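Basis for what follows: all heavy atoms, side chains included, without hydrogens, waters or symmetry-related copies. Since we're looking at a predicted model, the values are computed, not measured.
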Protein chains: 2
Amino acid sequence: MTAPAQLDSVDLAILRALQNDARITNRDLAAAAGIAPSTCLDRVARLRSCGVITGSATKIDPAALGRPLQAMLFVRVQPHRRELVDPFVQHALAQPETRAVFHLTGPDDFLVHVAATSAADLQRLVLDEFTARQEVALVHTTLIFQQWDGGPLLPPRVSRP
Amino acid sequence: MTAPAQLDSVDLAILRALQNDARITNRDLAAAAGIAPSTCLDRVARLRSCGVITGSATKIDPAALGRPLQAMLFVRVQPHRRELVDPFVQHALAQPETRAVFHLTGPDDFLVHVAATSAADLQRLVLDEFTARQEVALVHTTLIFQQWDGGPLLPPRVSRP
DNA sequence: GCTGAAAAATGATAGAA
DNA sequence: TTCTATCATTTTTCAGC
């Protein structure tokens with residue numbers, strides 16, 4: 001499943017194109033990678049079975065959906081034990097506002113990325129769904145002015161056979 | 001382009017399925033939404049032209065790619081002026097380790113999500129690519145133990161015609 | 001919003017470089 | 001391994017209703 005993944009420049013081209021557009025046709029993907037369509041199918045299947053490709057997702061604009069206010073919630077859990085960590089994560093993921101949850105090192109244990117419908121919705125989320133919980137010692141809320149997606153994630157080194 | 005987007009329960013089903021798997025066939029998507037395939041095509045085209053759907057991406061496992069160490073960099077820029085903000089963001093996005101950049105309210109101006117190949121790579125990134133820059137006053141580095149993707153992002157209210 | 005026929009893409013196969 | 005070529009099947013498209 002999770003091999004060290006020896007990737008060459010063809011895999012790199014495939015990964016670059018697929019991260020940019022998950023719905024690219026196999027024909028176009030093969031052309032972008034400079035290989036035959038049948039070979040391209042094999043390559044993608046291999047990347048999938050190696051665990052490099054884990055899935056695909058359609059990207060959505062939260063503002064266009066009616067969720068114009070995004071924020072980061074820094075959450076401190078007390079005590080910081082596994083019995084409390086797992087339920088907290090599940091509860092955070094169960095909120096419709098939650099986009100992602102990160103378990104971090106440092107004074108703040110969790111970072112929760114949320115997309116709220118309004119300041120009132122954000123306030124309710126923080127007070128009723130997070131601060132109100134027994135294990136939550138502290139929530140620090142920060143608004144997101146703007147965000148940018150990084151380019152395609154690529155392997156640090158490419159084997160050149 | 002960016003209309004208030006009046007979405008009904010069919011759009012909601014489409015958005016849910018598409019966020020879960022961008023490569024779902026239109027046939028299966030139509031079945032999931034309970035409409036005819038041709039109607040489904042129209043709906044998706046409308047969601048795209050309304051700006052709700054902005055694109056698609058294949059999901060990659062950074063660890064399988066050789067980037068097992070993810071971190072959040074909290075960056076303070078001094079002075080916090082637009083002439084310095086834009087170049088900083090461009091430089092952050094130009095790094096192969098960068099997954100996302102957030103411009104935040106609060107004492108830390110930016111949050112940069114990165115995927116490094118090793119602790120040495122992370123150290124180099126922080127010291128040589130961020131701290132070394134004139135406008136960067138402070139970088140605080142936090143490791144990511146684990147992360148979870150939220151469920152599909154859905155509109156807060158659904159019009160019921 | 002639906003139906004159905006035409007067009008295109010896919011996935012699989014076999015054989016050769 | 002990878003490529004070329006082929007083909008049945010599935011999927012998308014685009015009329016018209």
How far apart are the C-alpha atoms of B/His80 and B/His103, what are their side-chain angles, what is the distance that settles it, and do they pass the side chain to side chain contact (heavy atoms under 4.5 Å, CB included) test? CA-CA 11 Å; B/His80 189 197; B/His103 189 190; 2.9 Å; yes
Kindly list each side-chain donor-acceptor pair under 3.5 angstrom involving residues 31-42 of chain B, sequence neighbours excluded, with atom names and distances?
none

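- Residue pairs that meet the ring-ring contact (aromatic ring centres under 6.0 Å, His included) test with at least one member in residues 9-37 of chain A, sequence neighbours left out, do not exist here.
- Among residue pairs with one or both ends in residues 25-35 of chain B, none qualify as salt bridge (Lys or Arg N to Asp or Glu O under 4.0 Å); sequence neighbours excluded.
- In this structure, the side chain to side chain contact (heavy atoms under 4.5 Å, CB included) partners of A/Arg16, at least two apart in sequence or on a different chain, are A/Leu12, A/Pro152, A/Leu154.
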What string of B, S and - do you get for nucleotides 8-17 of chain D, 5' to 3', when a contact is any protein heavy atom under 4.0 Å? ---SSBB---
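- Within the 4.0 Å cut-off from OP1 or OP2 of D/dT1, not a single side-chain nitrogen or oxygen of A/Arg43 is found.
- Direction of the helix axis in the helix from C/dG1-D/dC17 to C/dA17-D/dT1 shifts by 30° between the two five-pair termini, rounded to 10°.
- Taking every nucleotide of DNA chain C with any atom under 4.0 Å from a non-hydrogen atom of chain B, the first and last of them, 5' to 3', are C/dG1 to C/dT3.
- Identified under the ring-ring contact (aromatic ring centres under 6.0 Å, His included) test for residues 118-138 of chain A, with sequence neighbours left out: A/Phe88-A/Phe130.
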Which donor-acceptor pairs under 3.5 Å do the side chains of residues 142-151 of chain B make with protein atoms, sequence neighbours left out?
unit_1, atom_1, unit_2, atom_2, d
B/Gln147, NE2, B/Gln70, OE1, 2.9

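- A search for side chain to side chain donor-acceptor pair (under 3.5 Å) contacts involving B/Thr141 returns nothing, not counting sequence neighbours.
- Residues forming a salt bridge (charged side-chain N to carboxylate O under 4.0 Å, His left out) with B/Arg82 (at least two apart in sequence, or on another chain): none.
- Residues that satisfy the side chain to side chain contact (heavy atoms under 4.5 Å, CB included) test with B/Pro107, not counting sequence neighbours, are B/Arg76.
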